[in-house]
Trainee: 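Starting off with a structure, shown below.
Within every chain, numbering begins at 1; the chains are lettered A, B, ... in the order of the sequence lines, protein sequences first and strands thereafter.
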Protein chains: 2
Amino acid sequence: MQKTIQKRTLKTRAKLLQAAADVVQKNGYQALRVEEVVQAAGVAKGTFFAHFHDKDALMEILIGEKLDACLDQAQAAEPPKTVPQIIEALAPVHEFMMSERYVFDLLIRYSGAAAISEIGPIAYCFEKYFRIAMMWLDQAEVRQDVSTDLLAEGVQAFAIQAMSLKFCALHSATTFTDRLETYLRAWLTPAG
Amino acid sequence: MQKTIQKRTLKTRAKLLQAAADVVQKNGYQALRVEEVVQAAGVAKGTFFAHFHDKDALMEILIGEKLDACLDQAQAAEPPKTVPQIIEALAPVHEFMMSERYVFDLLIRYSGAAAISEIGPIAYCFEKYFRIAMMWLDQAEVRQDVSTDLLAEGVQAFAIQAMSLKFCALHSATTFTDRLETYLRAWLTPAG
DNA sequence: TCTATAAAATGACCGTGGTCAATTTCAGGA
DNA sequence: TCCTGAAATTGACCACGGTCATTTTATAGA
């Protein structure tokens, strides 16, 4: 029972990822076709599925990478203390999450790990989002009657709700930022 | 410019819907194949797409119908006053929404109307959920510092968050009901 | 009743994601 | 350097959702 991984494996994988990134760059995530990726990478279709379980798995990697970078960017800034500051700090993250309907749907679909042993890149990012929010809330001017964990989960829930409504024609009168601010004020600083 | 609708149109549509319901009854929503539905209905595949824009449109109708019935059931009961009562009253609704991963994903995807002119059955149900929650909260023992609208939106957001986490192996330690209760207590009755 | 025309139904066909038996390539030992 | 078994790659093939030119059927008017 050997399981040597040959060098060309990594090379092929890198070629596929690069080709996929190029394709996305051109037409966005929604329009990506596996056929286009393998042609750009110069490999057969079967090779693609030897490297990624399915198209979604590739998307998870591509989107997860970008989202992770956005989270790093948010984390690098000065920890926000107030609701508007929190929203501003998370702006790049939310912006990317809402950049395409397809991206948002995929993020939601993979936000939870189906099995403990296989936390995908997106589930990892949601954990990271949660941890960052918790860290901030620990030091922010917010209610103290419930745990920071709970507050952070709520921030995530309201952010998703606000993003959902952004894609909805019925509720497009209010902007995403305004809506999220209303939510978070009521959630983080009640009776104020 | 006539647009007479022939009787057989309604008949064919009814046959398709009945066949689809039967197929779902047997294997659930996820496993439904258009081919299977048209065979059961005794029509050609093209006919299916003359009646429904795509497979999702049929699913919207089937799932929307069931969800609407659940909402009616919830509405028929005595208006709940407290958090546990609210959760109990909504139990059949949430149960159906979580009955299949596929159902939950589709509900989320169609929860918002893409265009004002075309509110689908599922977007309609989400509106209905919101209205019912608002009606209850108007008379319930909850915080009064923010509008009932906002409270109802929050209930929806937290319910979705709790349902999401139910499908996630990382957070399966806590049950859906317990988690939602924690959320709603903190949201509806802060500092209590 | 017959005819014209719009509505409805048909099924061969296509695009795209995904599979798998067959083939090629790699790495290590004789 | 050659041989051998495992790893990697290939591309013909399949499944399934969705399209559309063609055919069939219903209905209104002569």
Side-chain angles (χ1 to χ4, degrees), chain A residues 1-20 23-24 26-63 100-103 105-106 109-110 114 120, chain B residues 1-20 23-24 26-63 100-103 105-106 109-110 114 120:
Chain A
M1 177 197 150
Q2 274 177 279
K3 46 160 109 179
T4 321
I5 292 175
Q6 301 180 359
K7 277 185 207 162
R8 61 175 167 163
T9 306
L10 299 174
K11 227 173 175 176
T12 305
R13 190 189 152 94
K15 266 198 295 184
L16 281 166
L17 284 171
Q18 185 56 55
V23 168
V24 167
K26 226 188 303 164
N27 301 318
Y29 294 92
Q30 159 86 55
L32 181 142
R33 298 283 167 267
V34 172
E35 192 62 53
E36 202 182 347
V37 173
V38 297
Q39 268 175 24
V43 300
K45 197 191 252 185
T47 303
F48 180 96
F49 293 99
H51 285 264
F52 310 101
H53 176 259
D54 55 16
K55 183 178 157 178
D56 278 1
L58 168 70
M59 286 304 191
E60 266 211 276
I61 293 171
L62 293 177
I63 292 175
E100 271 183 56
R101 178 71 212 237
Y102 176 85
V103 170
D105 286 344
L106 194 129
R109 198 140 34 85
Y110 289 97
Chain B
M1 179 197 151
Q2 274 178 279
K3 46 161 109 180
T4 319
I5 293 175
Q6 301 179 358
K7 277 183 208 164
R8 62 175 168 163
T9 306
L10 300 175
K11 229 174 174 176
T12 305
R13 189 189 153 93
K15 266 196 296 183
L16 281 166
L17 284 171
Q18 185 57 53
V23 169
V24 167
K26 226 188 304 164
N27 301 317
Y29 294 93
Q30 160 85 55
L32 182 142
R33 297 285 167 265
V34 172
E35 192 62 53
E36 201 181 348
V37 172
V38 298
Q39 268 175 24
V43 301
K45 197 191 250 186
T47 303
F48 179 96
F49 292 99
H51 285 264
F52 309 101
H53 177 259
D54 56 15
K55 183 179 156 178
D56 278 1
L58 168 70
M59 285 305 192
E60 266 212 276
I61 293 171
L62 293 178
I63 292 175
E100 271 184 57
R101 178 70 211 238
Y102 176 84
V103 170
D105 286 345
L106 194 130
R109 197 140 35 85
Y110 288 98

Trainee: How long is the gap from CG on Leu16(A) to CZ on Phe48(A), to the nearest 0.5 Å?
Mentor: 7.0 Å

Trainee: Expressed in angstrom and rounded to an integer, what is the separation of Phe52(B) atom CZ from dC16(D) atom C1'?
Mentor: 18 Å

Trainee: Could you go step by step and tell me if Phe52(B) and Arg13(B) meet the side-chain contact (heavy atoms from CB on, under 4.5 Å) rule?
Mentor: CA-CA 9 Å; Phe52(B) 309 101; Arg13(B) 189 189 153 93; 4.0 Å; yes

Trainee: Pull out every residue in residues 6-13 of chain B that has a heavy atom closer than 4.0 Å to any atom of DNA chain D, ordered by number, or say none.
Mentor: Gln6(B), Arg8(B)

Trainee: Hey, mind stepping through Asn27(A) and Glu36(A) against side-chain contact (heavy atoms from CB on, under 4.5 Å) and telling me if it holds?
Mentor: CA-CA 11 Å; Asn27(A) 301 318; Glu36(A) 202 182 347; 4.2 Å; yes

Trainee: Expressed as a whole number of angstroms, how long is the span from Lys55(A):NZ to dG15(C):C1'?
Mentor: 11 Å

Trainee: Once you round it to whole Å, what is the distance between C1' of dT16(C) and CG of Asp56(A)?
Mentor: 13 Å

Trainee: Can you tell me how far apart CD (Gln39(A)) and CZ (Arg33(A)) are? Round to the nearest 0.5 Å.
Mentor: 13.0 Å

Trainee: I need the CG-C1' distance between Leu32(A) and dG18(C), as an integer number of Å.
Mentor: 15 Å

Trainee: Please give, in whole Å, the distance from dC26(C) C1' to Ile5(A) CD1?
Mentor: 14 Å

Trainee: What are the two closest heavy atoms between Ala40(B) and Ala19(B), and how far apart are they?
Mentor: CB-CB, 3.8 Å

Trainee: When we call it a touch if two heavy atoms are under 4.0 Å apart, what does Leu58(A) touch: a base, just sugar-phosphate, or nothing?
Mentor: nothing

Trainee: Closest approach to the side chain of Asp54(A), judged atom by atom: which nucleotide of dG18(C), dA8(C), dC16(D) is it?
Mentor: dG18(C)

Trainee: Would you please confirm or rule out a distance under 4.0 Å between OP1 or OP2 of dA15(D) and any side-chain N or O of Arg33(B)?
Mentor: no

Trainee: Report the distance from atom CZ of Phe49(A) to atom C1' of dA15(D), rounded to the nearest whole Å.
Mentor: 13 Å

Trainee: Kindly compute the distance separating CG (Leu106(B)) from CD1 (Ile63(B)), expressed to the nearest 0.5 Å.
Mentor: 4.5 Å

Trainee: If you measure from the Lys or Arg side-chain nitrogens to the Asp or Glu carboxylate oxygens, is any gap between Arg101(B) and Asp105(B) under 4.0 Å?
Mentor: yes

Trainee: Show your reasoning for whether side-chain contact (heavy atoms from CB on, under 4.5 Å) applies to Lys55(B) and Leu32(B).
Mentor: CA-CA 9 Å; Lys55(B) 183 179 156 178; Leu32(B) 182 142; 4.1 Å; yes

Trainee: Could you state the atom-to-atom distance from CZ of Phe48(A) to P of dA8(D) in whole Å?
Mentor: 17 Å

Trainee: State whether His51(B) places a side-chain N or O below 4.0 Å from either non-bridging phosphate oxygen (OP1 or OP2) of dA9(C).
Mentor: yes

Trainee: Between residues 37-45 of chain B and DNA chain C, which residues have a heavy-atom gap below 4.0 Å?
Mentor: Val43(B), Ala44(B)

Trainee: Using heavy-atom distances to pick each residue's nearest nucleotide on DNA chain D, tell me which of Thr47(A) and Gly46(B) is more 5'.
Mentor: Thr47(A)

Trainee: Write down the atom of Ala44(B), the atom of Val38(B), and the distance for their closest heavy-atom approach.
Mentor: O-CG1, 3.9 Å

Trainee: Whole angstrom is fine here: how far is it from CD in Glu35(A) over to P in dG17(C)?
Mentor: 8 Å

